[in-house]
Amino acid sequence: MSPSHQLPKNYDIEEVETRWQSTWRDEENYFDPVSSKPQFIIDTPPPYPTGNFHIGNALNWCYIDFIARYKRMRGYNVMFPQGWDCHGLPTEVKVEETHGITKNDVPREKFREMCRDLTLTNIEKMRATMRRLGFSTDWSHEYITMLPDYYRKTQASFLQMLKAGDIYQSEHPVNFCTRCETAIAFAEVNYAPRTTKLNYFDFDGVEIATTRPELLAACVAVAVHPDDERYRGMKGKRLTVPIFGHDVPIIEDVAVDPEFGSGAVMICTFGDKTDVYWWKQHSLDLRKAIDRQGVMTATAAPYEGMTSEACRKAILADMEESGILKRQEELEQRVGTCWRCKTPIEILSERQWFVRVHRDDIMDAARRVSWTPEHMFTRMENWAESMEWDWCVSRQRIFATPIPVWFCTACGEMVIPAEEDLPIDPTVDKPKAPCPKCGGSEFTGEKDVLDTWMDSSISALHVTGWDGTGKPPYFPAQLRPQGHDIIRTWAFYTILRAKALVGSHPWDEILVNGMVLGEDGFKMSKSRNNIIAPEEIVGQYGADALRQWGAGGAATGSDIMFSWNDVVAASRFQTKLWNIFRFVMGHLEKGADPEAPVTELTDRWLFVRLSETVAEVTAAMEGYQFDRALRAIREFAWNTLADDYIEIAKGRLYTDDSSRDSACSALRTTMDVLCRLLAPIIPHFAEECYHNLAGRSVHAEAWPDFSYTDDEARRHGDLLVKTIAELRRYKHDKGMALNAPLGHVMIYAPEPVDDAGDAGRALNADAHWSTGTPRLEEVVSGVDFNMAVIGPTLRKQARGFMQAVEALPPELLKNPPATVTVDGEEIPVPPASFTPKVAYRVAGEEVDVLTLGDVVVTIGHQP
RNA sequence: GGGCUCGUGGUCUAGCUGGUUAUGACGUCGCCUUGACAUGGCGGAGGUCCUGAGUUCGAAUCUCAGCGAGCCCA
């Protein structure tokens, strides 16, 4: 017999999920600008449109979607926008590759157009994946940073900060990638280990150790530690630089490490960050030996025109030949590299644009944000404390937001556009008025463009309705979800910009998610061949299974290993739920009074458990602990509902008894609540069930407000479940089938229990409850201590007390004395500090006896 | 070198403010085709809770040190 006449036996994941995805309407997820509900705006991460929505994105978006759906059910006016952070080098590189050109082969605007075309194609691919994962995105709040509507705001934000003095241009050493031919920010520098040679050579009589001999031409001083006896009295002397012949001073500085190399270091402009520090501290000269392409300049003649690599070899060869190279040592070092292309960065002094970093302001704002997990705040703090230079925001690239300024050709005055004229491209557009200083009409547009983080760091302003000035109408956003890998960039810069432009923190809360690792425990990468694409998972097990993996795979915030096991377990859970649901629907279809009250013990017990589950899941969702939420739901559905409740109440459902209606009501309510609890995590499955149950969409329903207390039902129900479990074990141990008939069963409990016959039907036995005492011989076999009472009450005497109690004669264990003797001292026996363990012996009758706590069960041998 | 996180049966994992059968999943072994489900049910085996010291009547849980892993930064 089919349990339900309406529902198919198998849950067809692909069919159900795609059916609902084509049924749901985008409008259902739109933020309502005139709603009276409290707002919940999520400042979602705008991914880089690579064309692949990878599994790390998927995890992040699962979290966001759980929250968005949950908050909607809790009555919030939710905004779940979708941005695309388009600008940047990878797209330029891809375009160059695909078209077989370099950026300078075509006009700038043509190149940008190619980049835009590629980006739009990629966005389309990623949108498709996102839809298949069932995210409740508000597509009416999509933003694309490369389009005029958005980069107009980026330019407006630039001008506002420029006018406020928070942006300035200056010649200053910057990190420079010679392959990308652009300046980059510290946040874009990664450090990679590498083995290099430390070269010792004779520098006009002083031994110097350096890893960068090619920078000899850029040497501007030699530094030693002031306490270093070897160089006592050398300060102020001048040395002649080998090969190049210019003079440099000897200086003293405590930052020199006397233990490293020879204790004397040559300062070049610039070998590393420390050189910049010394250069500033001691007002040294500037000698540029390497240019933007990484090629030696005229300063480095006769090595001019060589790459720095070739120059290094040539200089070392020349040093060796002239006998000044003394020896070389292997050295492990960590070298700064460009995060996009892995090329070692150079530090070049360049005219660039900078954003002022007001560290204390930023940290004040960061402290007003609630961080989950809390320790992620420390990362922000550490990063802010280590910032030494301002944020370099200019880039010498093409596909990016143009810096909207011109310079007067005649007098050099900087001219900026009016806000209403934005967006502009200063290399194409012209100022509308002559130069205010000299009246000149010839201008040069700024060719530099902005760091892409200048685009994405105003996302919080954009989604809260910013139009380029003033305070956004919905500011601040409620939540920023993001990965911990971009705390030093996106989170840091967003706080910086919100503080600078609006004067306050951008969001109330930030939820930081972990990284997804491959099944082997390592970061997913092509070289390890451990990449799993979301499409692969969805194709086999569906979006809901992937979402369950995201919810349950790890505690929110910690890194999560991908595991096919978890996905399979997730899909099995859905199968189990589907069978539960079919079973329930089958019984509801057979007819049941929907208004019938829930009266029977087992049914009321189920409600108690359901009520506890709702409380637990709600608390977990409030704290973004999706793993706890899912675990509580699974535990309830699989163990409490399926294994315990249904197995016990099943027999009653097949009767015509009036108590059947009570069970049907309990099941109807339970399925209703369960669907709502599941809705944020597995929206397709929950929708399919709920529609069959209630004929409406579960996603338009409120979060369940189910609260039920019934102490008696809880006590008696627990007793019933425990007793039946024990009798199942009894049958199992006897080698009986679980549905095999059992003889006369008497359950002696301390309180009268009315189970409506459930125990008898579940056990296929003639079962009766009694408060009497079985006529059995009772034997005290030991004692159970209640440490939660004994520990705090007796402290150091606890051990002695327990020994004293164990020594008591059996009859005193059943009727405890007022005091016991511990170390010769009479101490009072705390109430409820122990209970005797009681065993029962058969007294004449041929019965088996089971004891569980204070319940005794006797089982007759034959029916 | 500094900071952060973590170290629990074969594998992955829960265990937040300390309390005596340490959770679950996968795997494994045995029994059961019971009127929702064999993608199932019931039961079992399997753990020095990384190591050492300390605090405590009591430590997987708190403190310190060590070892190891990952991430971030110098």
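Below, chains carry the letters A, B, ... as their sequence lines are ordered, and counting in each starts from 1.
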Check the distance between [N]'s [atom2] and [X]'s [atom1] and give it to me in whole angstrom.
| X | N | atom1 | atom2 | value |
| --- | --- | --- | --- | --- |
| L742(A) | U34(B) | CG | P | 19 Å |
| I580(A) | G35(B) | CD1 | P | 18 Å |
| E385(A) | C4(B) | CD | C1' | 13 Å |
| K731(A) | G41(B) | NZ | P | 18 Å |
| M376(A) | C4(B) | CE | P | 13 Å |
| H484(A) | G3(B) | NE2 | P | 19 Å |
| F581(A) | U39(B) | CZ | P | 22 Å |
| Y624(A) | C16(B) | OH | P | 22 Å |

Is there a ring-ring contact (aromatic ring centres under 6.0 Å, His included) between Y11(A) and F581(A) once you walk through the steps? CA-CA 11 Å; Y11(A) 179 74; F581(A) 186 66; 9.9 Å; no
Distance check, [atom1] atoms only: [N] and [M], in whole angstrom units.
| N | M | atom1 | answer |
| --- | --- | --- | --- |
| G46(B) | G24(B) | C1' | 15 Å |
| G2(B) | A65(B) | P | 12 Å |
| G70(B) | U8(B) | P | 15 Å |
| U51(B) | G10(B) | P | 13 Å |
| A22(B) | G47(B) | C1' | 9 Å |
| U20(B) | U13(B) | P | 24 Å |
| C49(B) | G40(B) | C1' | 32 Å |
| U63(B) | C4(B) | P | 13 Å |

What contact category does [X] fall into here, base, sugar-phosphate, or nothing, at under 4.0 angstrom with non-hydrogen atoms?
| X | result |
| --- | --- |
| L794(A) | nothing |
| E635(A) | nothing |
| A642(A) | base |
| N764(A) | nothing |

Do you know which two heavy atoms are closest between [X] and [Y], and how far apart they sit?
| X | Y | result |
| --- | --- | --- |
| A832(A) | V789(A) | O-CG2, 3.9 Å |
| V369(A) | E509(A) | CG1-C, 3.8 Å |
| T602(A) | R652(A) | CB-NH2, 3.8 Å |
| Y690(A) | C675(A) | CD1-CB, 3.7 Å |

Which comes earlier along RNA chain B counting from the 5' end, the contact point of R634(A) or that of V189(A), where each point is its nearest nucleotide?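 Result of the comparison: R634(A).
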Counting heavy atoms from C-beta on, name the nucleotide in U39(B), C37(B), C4(B) closest to the side chain of R582(A). C37(B)
Report the nucleotide, chosen from G44(B), G3(B), A25(B), that has the shortest atom-to-atom distance to any side-chain atom of R729(A).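 Out of G44(B), G3(B), A25(B), the nucleotide with an atom closest to R729(A)'s side chain is G44(B).
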Any side-chain N or O of K576(A) less than 4.0 Å from the OP1 or OP2 oxygen of G41(B)?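 Yes, within the criterion.
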Check whether any side-chain nitrogen or oxygen of W638(A) sits under 4.0 Å from OP1 or OP2 of G41(B), and answer yes or no.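 Yes, within the criterion.
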Return the nucleotide paired to [N]: Watson-Crick means purine N1 to pyrimidine N3 with N6-O4 or O6-N4, wobble means G-U with N1-O2 and O6-N3, both under 3.5 Å.
| N | result |
| --- | --- |
| A60(B) | none |
| G1(B) | C73(B) |
| G68(B) | C6(B) |
| A25(B) | U11(B) |
| U33(B) | none |
| G46(B) | none |

Residue pairs fulfilling side chain to side chain donor-acceptor pair (under 3.5 Å) with at least one residue in residues 626-643 of chain A, sequence neighbours excluded: Q548(A)-R634(A)
Nucleotide N/O of nucleotides 5-15 of chain B paired with protein N/O under 3.5 Å:
residue	atom	partner	partner atom	Å
A14(B)	O2'	R631(A)	NH2	3.4
G15(B)	OP1	R628(A)	NH2	3.1

Quick one: sort the [X] and [Y] rings into parallel, tilted or perpendicular, breaks at 30° and 60°.
| X | Y | answer |
| --- | --- | --- |
| Y493(A) | W391(A) | parallel |
| W564(A) | F562(A) | perpendicular |
| Y624(A) | F626(A) | tilted |

Would you find a donor on one side and an acceptor on the other, under 3.5 Å apart, between the side chain of D566(A) and the backbone of G553(A)? no
Sequence neighbours excluded, which residues qualify as salt bridge (Lys or Arg N to Asp or Glu O under 4.0 Å) partners of D766(A)? none
List the residues meeting salt bridge (Lys or Arg N to Asp or Glu O under 4.0 Å) with K9(A), not counting sequence neighbours, and say none if there are none.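 Counting only residues at least two positions away or on another chain, K9(A) forms no salt bridge (Lys or Arg N to Asp or Glu O under 4.0 Å).
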Any protein N or O atoms within reach of nucleotides 27-32 of chain B? Criterion: under 3.5 Å, listing atom names and distances.
residue	atom	partner	partner atom	Å
G30(B)	N2	H732(A)	NE2	2.7

Looking at R609(A) and D718(A), is there a salt bridge between them, counting it only when a charged N and a carboxylate O are closer than 4.0 Å?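 Salt bridge flag = yes for R609(A) with D718(A).
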Out of W383(A), W371(A), F492(A), which one pairs with F377(A) under the ring pair (Phe, Tyr, Trp, His ring centres under 6.0 Å) rule?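 In the set W383(A), W371(A), F492(A), the residue that makes a ring pair (Phe, Tyr, Trp, His ring centres under 6.0 Å) with F377(A) is W371(A).
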Counting primed atoms plus P, OP1 and OP2 as sugar-phosphate and everything else as base, spell out the protein contacts along nucleotides 55-64 of chain B at 4.0 Å heavy-atom distance: B, S or - for each nucleotide, 5' to 3'. --B-------
